[in-house]
Amino acid sequence: MIVSLIAALASDRVIGSASGKIPWDHPRDRVHFRTRTAGNWLLVGRRTYDEMEGWFGKRIPIVLTRDPDFRPFSPAHRVARDPAAALALARGNGAKELIVCGGAEIFASLLPFSDRLLLTRLDLVAQVPDPVRFPDFSKSGDWKLAYLEQWSGDAENIAARYEVHERV
Ligand SMILES: NC(=O)c1ccc[n+]([C@@H]2O[C@H](COP(=O)([O-])OP(=O)(O)OC[C@H]3O[C@@H](n4cnc5c(N)ncnc54)[C@H](OP(=O)(O)O)[C@@H]3O)[C@@H](O)[C@H]2O)c1
């Protein structure tokens, strides 16, 4: 099973705020996220799961939480108490790819287990209170850029670079 992390990053690797919500709207990246996650098992942190209520449709998220009383919004959604249990659950259900959708804590916890990073790098300085960040993976030497696509800006979308990094 391949483990992929998918994220949209503003400059300085900012992905959101500790107080919640992604501080930009990027329709092209939303379409990319919807398309890339379709038909796959997803892993989300409990805070991101709360933000995404109603979004999942037929996708099956595994929610990572330490809360023994946590109940997901749908009985079809699954719960894991730690990253190893989440990986075992997806693998045990025959997942070919597990897509880790954040947020910051979950990206940091799953980076060591991951094979691929699917990153939308927005040409944006995000001014947010209590910023949370994607982990600084680039200095480790463990990753190589395998694919790069330039997304030019338009009336609705900030310019961005779509990067796929693979573990060396
Ligand atoms: N730009 C992007 O691509 C992107 C993607 C996703 C999210 N975001 C943003 O990221 C922010 C949320 O990130 P966040 O770091 O605050 O929260 P998060 O990673 O979504 O969720 C954190 C929660 O996950 C659970 N958790 C974390 N590590 C765990 C572990 N090792 N084992 C078991 N459970 C664990 C805990 O839940 P309990 O407290 O229930 O125990 C923890 O409170 C929001 O601003 C969101 O909009 C951005």
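Residue numbers start at 1 and run along the sequence shown. Read the numbers this way: they start at 1 and go in the same order the structure lists the ligands and their atoms.
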Peer 1: Mind jotting down which protein residues get a heavy-atom contact under 4.0 Å with ligand 1? Chain and number order, please.
Peer 2: Ala7, Ala8, Ile15, Gly16, Ser17, Gly20, Lys21, Ile22, Trp24, Gly45, Arg46, Arg47, Thr48, Glu51, Leu64, Thr65, Arg66, Asp67, Arg81, Asp82, Pro83, Cys101, Gly102, Gly103, Ala104, Glu105, Ile106, Ser109, Val132
Peer 1: Strictly by side chain to side chain donor-acceptor pair (under 3.5 Å), give each pair with a member in residues 9-21 just once, sequence neighbours left out.
Peer 2: Asp12-Arg133, Ser17-Ser19
Peer 1: Identify the heavy atoms of Ile22 and Ile15 that sit nearest to each other, and give their distance.
Peer 2: CG1-O, 4.1 Å
Peer 1: Of the options Leu111, Leu5, Leu64, Val63, which is the one that meets Ile106 in a side-chain contact (heavy atoms from CB on, under 4.5 Å)?
Peer 2: Leu64
Peer 1: Any donor-acceptor pair under 3.5 Å linking the side-chain atoms of Asp154 with those of Ser152?
Peer 2: no
Peer 1: Go through the structure and list residues passing salt bridge (charged side-chain N to carboxylate O under 4.0 Å, His left out) with Lys144, not counting sequence neighbours.
Peer 2: Glu166
Peer 1: If the condition is side chain to side chain contact (heavy atoms under 4.5 Å, CB included), which residues does Ile2 pass it with, not counting sequence neighbours?
Peer 2: Ser4, Glu97, Asp115, Arg116
